[in-house]
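Worksheet for the structure shown next.
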Amino acid sequence: MGTEKSLSIIKPEAVEHRLIGEIVRRLEGTGLRIVAAKLLHLDLEKARAFYAVHRERPFYSSLTEYIASGPIFVSVLEGENAISKNREMMGATDPSKAAEGTIRCQWGTDVEKNAVHGSDAPETAAWEISFFFQPEEIHGIHK
Ligand code: CDP
Ligand code: MG
């Protein structure tokens, strides 16, 4: 697979619960490197744009209001198989089904407030990263 980038978001309830440090420690523990990061509070319009892929889903309006409800920690992870390593450390979408030792198992509240987001494929990762970061804000090996 080679070196990849993945977008990570620590969602509002996890930021509120002061879990940025714990979650970043887990993500860095996979061997991935943080090559860009910022704290943001999205407005509803930007939240709806980020999750546009889910606009037909029943949870879209609740999800976008939730993501816009407080600050989020957005970062870019880089390394070998960054997308799958990030997803594995996150765990299943529903924290009650997430494997032991994953971020969502330990800190997720429910299927919506599940602590973290991670890109699911190279194409979505590229789109998500460019949604939040300018190229000069990314300090990785591969631009
Ligand atoms: O985040 P992930 O890729 O694991 O799941 P998704 O299917 O892409 O859904 C995106 C986000 O929508 C989830 O992380 C949840 O926050 C939310 N969601 C929800 O509120 N209710 C569901 N039944 C499924 C997802
Ligand atoms: Mg997803």
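Quick note: numbers below take in every heavy atom, side chains included, and nothing from hydrogens, waters or symmetry partners. Numbering of residues begins at 1 and proceeds along the displayed sequence. Ligands are counted one by one from 1 in listed order, and the atoms in each one are counted from 1 as well.
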Answer with side chain, backbone, both or neither: which part of [X] has a heavy atom less than 4.0 angstrom from an atom of ligand 1?
X: Lys11; value: side chain
X: His117; value: neither
X: Asn114; value: side chain

**Prompt:** When you check the gap from the basic side-chain N to the acidic O, do Lys85 and Glu88 get nearer than 4.0 Å?
**Reply:** no
Run the side-chain donor-acceptor check on residues 48-55: report pairs under 3.5 Å with partners two or more places apart or on a different chain.
{"unit_1": "His54", "atom_1": "ND1", "unit_2": "Arg57", "atom_2": "NH1", "d": "3.3"}
{"unit_1": "Arg55", "atom_1": "NH1", "unit_2": "Ala52", "atom_2": "O", "d": "2.7"}

**Prompt:** Which protein heavy atom lies closest to atom 10 (C) of ligand 1, and at what distance to 0.1 Å?
**Reply:** His54 NE2, 3.4 Å
[X], any N or O under 3.5 Å of ligand 1 N or O:
X: Glu112; answer: yes
X: Lys113; answer: no
X: Arg104; answer: yes

**Item:** Among Val76, Leu32, Asn86, the one residue meeting side-chain contact (heavy atoms from CB on, under 4.5 Å) with Ser8
**Value:** Asn86
**Prompt:** Who passes ring pair (Phe, Tyr, Trp, His ring centres under 6.0 Å) against Tyr66, sequence neighbours left out?
**Reply:** none
**Asked** Given Thr124, Thr93, Val111, Asp94, which has its nearest heavy atom closest to atom 5 (O) of ligand 1?
**Response** Thr93
